[in-house]
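Okay, structure first, notes after.
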Amino acid sequence: MKVRILVILLFSASLGMAQKPEANMDESKVPAYQVPDLLTTQKGRKIKNVKQWEKIRRPEILKLFQEEVYGKVPGTLTISDIIVHEDHGQALDGLAIRKQIDLVFEREGRVKTVGVLIYLPKSDGKVPVFLAYNFLGNHTVSHDPNIRLTESWVPDNPSLGIIQNQITEQSRGVADEQWPLEMIIKAGYGIVTAYYGDVDPDKNDLQDGIQSLFYHDGQTSPLPDEWGSIAAWAWGLSRIMDYLESDPQVDADKVVVLGHSRLGKTALWAAATDQRFAMCISNDSGCIGAALSRRKFGENVAIINTNFPYWFDTNFKKYNGCEEKLPVDQHMLLALIAPRPLYVASATEDQWSDPKGEFLSARLASDTYHLYGLQGLPVSEMPEPDKPVSGIISYHIRTGKHDITPFDWEQYIHAANLYLGK
Ligand code: GTR
């Protein structure tokens with residue numbers, strides 16, 4: 001009998017070692033935790049005003065995220081060439097003009113091309129824009145037959161006709177419900193999108209993304225504190241911003257960077273690292289996006305590092321299973337966006353992204369907004385589903401699943417109207 005118990009114990013222990021890390025989906029099992037204080041430096045100095053925040057604490061936090069989480073960009077690379085495929089295509093039944101350009105990046109003979117699709121409301125002046133990556137290619141955001149097809153690697157999806165990692169006509173318009181273009185244009189905003197896989201294909205190799213342009217001979221992956229895919233995608237958003245600054249029809253002082261899910265994590269990191277983005281919207285960004293890591297609810301550090309190790313730098317692997325050792329938590333990422341408007345959104349059926357952790361993080365980030373004389377998130381309790389809370393930090397939890405819907409977009413347009421100084 002004893003032997004049998006021992007065998008069972010040994011067997012389950014060995015299974016345990018091989019097992020994938022598990023997600024806690026039970027609120028009662030959230031551990032007691034304490035997040036690092038936003039306004040106390042690592043050496044214990046109290047931050048009392050904007051000047052100290054901007055000179056001391058903000059750079060300290062930014063560096064910690066750069067070194068320990070997302071990874072540093074190893075050098076400078078500017079746009080080598082802009083290829084204009086289309087400058088004023090008539091689109092959306094005459095409501096908008098369409099532009100399509102390629103941004104070309106070249107370094108030591110290696111080249112990457114990022115295709116950018118732009119719809120702008122017809123206007124005599126410059127217009128504010130939303131900038132957001134898409135998941136499967138620019139042609140998926142609308143049935144518009146003029147949108148060019150990406151040649152980059154796309155994950156196989158036979159039901160969408162994506163075979164051998166190449167898209168075909170079959171996926172044109174498949175994401176149009178996530179991109180209510182007419183509503184955005186009618187509200188007076190342009191929309192700028194690109195396929196994130198043009199910058200770095202979303203697969204575990206780090207061989208054919210923008211990072212590879214920086215490799216020296218024989219190098220096959222970034223250094224331990226250098227960029228994973230999220231930092232590379234965020235870098236790409238900044239390069240699109242470089243282009244937007246040169247576009248006479250775009251108001252580059254009013255670019256709202258937005259992203260859903262992994263692209264929400266990316267939008268947050270882009271807004272943290274590049275203060276030219278006037279506003280940031282995180283839609284269901286979850287783990288290592290808006291949600292607090294120390295709650296260990298839903299997706300956690302070990303899970304995300306197991307499934308998507310290449311999204312982050314190698315240093316980040318140290319924190320598998322020990323979120324409490326992280327020198328940062330995600331409210332500090334949100335605080336890097338202050339004093340700019342920020343919108344954090346969750347969905348009721350998206351417990352994997354830990355809506356409560358996203359809300360609490362937005363709440364905690366308010367301390368930095370207070371330094372600027374701003375209220376931050378105006379409530380302390382999580383609102384009811386579909387009842388948005390509006391402030392310089394806004395929040396809502398929408399009924400439904402992990403997705404970005406016209407309801408979400410309506411709130412984002414409303415917040416941009418209120419807080420972008422339009
Ligand atoms: C999931 C991942 C999340 C989120 C999501 C997405 O598999 O666990 O962190 O990024 O993908 O991007 O759709």
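Because only heavy atoms are used, hydrogens play no part in the values below, and waters and symmetry mates are left out as well, while side chains stay in. All values derive from a computational prediction rather than experimental measurement. Read the numbers this way: they start at 1 and go in the same order the structure lists the ligands and their atoms.
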> Any idea which atoms of ligand 1 are less than 4.0 Å away from a heavy-atom of Glu299?
Replying inline: 2 (C), 3 (C), 8 (O), 9 (O)

>> Under a 4.0 angstrom heavy-atom cut-off, which atoms of ligand 1 come close to Trp311?
In response: 9 (O), 10 (O)

> Numbering the atoms of ligand 1 from 1, which are under 4.0 Å from a heavy atom of Trp352?
Replying inline: 2 (C), 8 (O)

> Heavy-atom distance under 4.5 Å between the side chains of Asn283 and Ser261, does that happen here?
Replying inline: no

> What are the atoms of ligand 1, with element, lying closer than 4.0 Å to any heavy atom of Phe308?
Replying inline: 2 (C), 7 (O), 8 (O)

> When the aromatic ring centroids of His139 and Tyr195 are compared, is their separation below 6.0 Å?
Replying inline: no

> Between Glu67 and Asn315, do the side chains contain an N or O donor and an N or O acceptor separated by less than 3.5 Å?
Replying inline: no

> When you measure from the centre of the six-membered ring of Phe277, is the NZ or CZ of Arg340 under 6.0 Å away and within 45° of the axis?
Replying inline: no

> Under 4.0 Å from ligand 1, counting heavy atoms only, is it the side chain of Arg262, its backbone, both or neither?
Replying inline: both

> Between Lys265 and ligand 1, which residue portion shows a heavy-atom distance shorter than 4.0 Å: side chain, backbone, both, or neither?
Replying inline: side chain

> Applying the side-chain hydrogen bond (donor to acceptor under 3.5 Å, both in side chains) test to Arg398, which of Asp408, Asp350, Asp386 qualifies?
Replying inline: Asp408

> Can a non-hydrogen atom of His260 be found less than 4.0 Å from any atom of ligand 1?
Replying inline: no

> What are the atoms of ligand 1, with element, lying closer than 4.0 Å to any heavy atom of Ser261?
Replying inline: 4 (C), 5 (C), 6 (C), 10 (O), 12 (O), 13 (O)

>> Test salt bridge (charged side-chain N to carboxylate O under 4.0 Å, His left out) on Lys296 and Glu324; report intermediate values, then the result.
In response: CA-CA 10 Å; Lys296 303 189 186 192; Glu324 57 287 349; 3.1 Å; yes

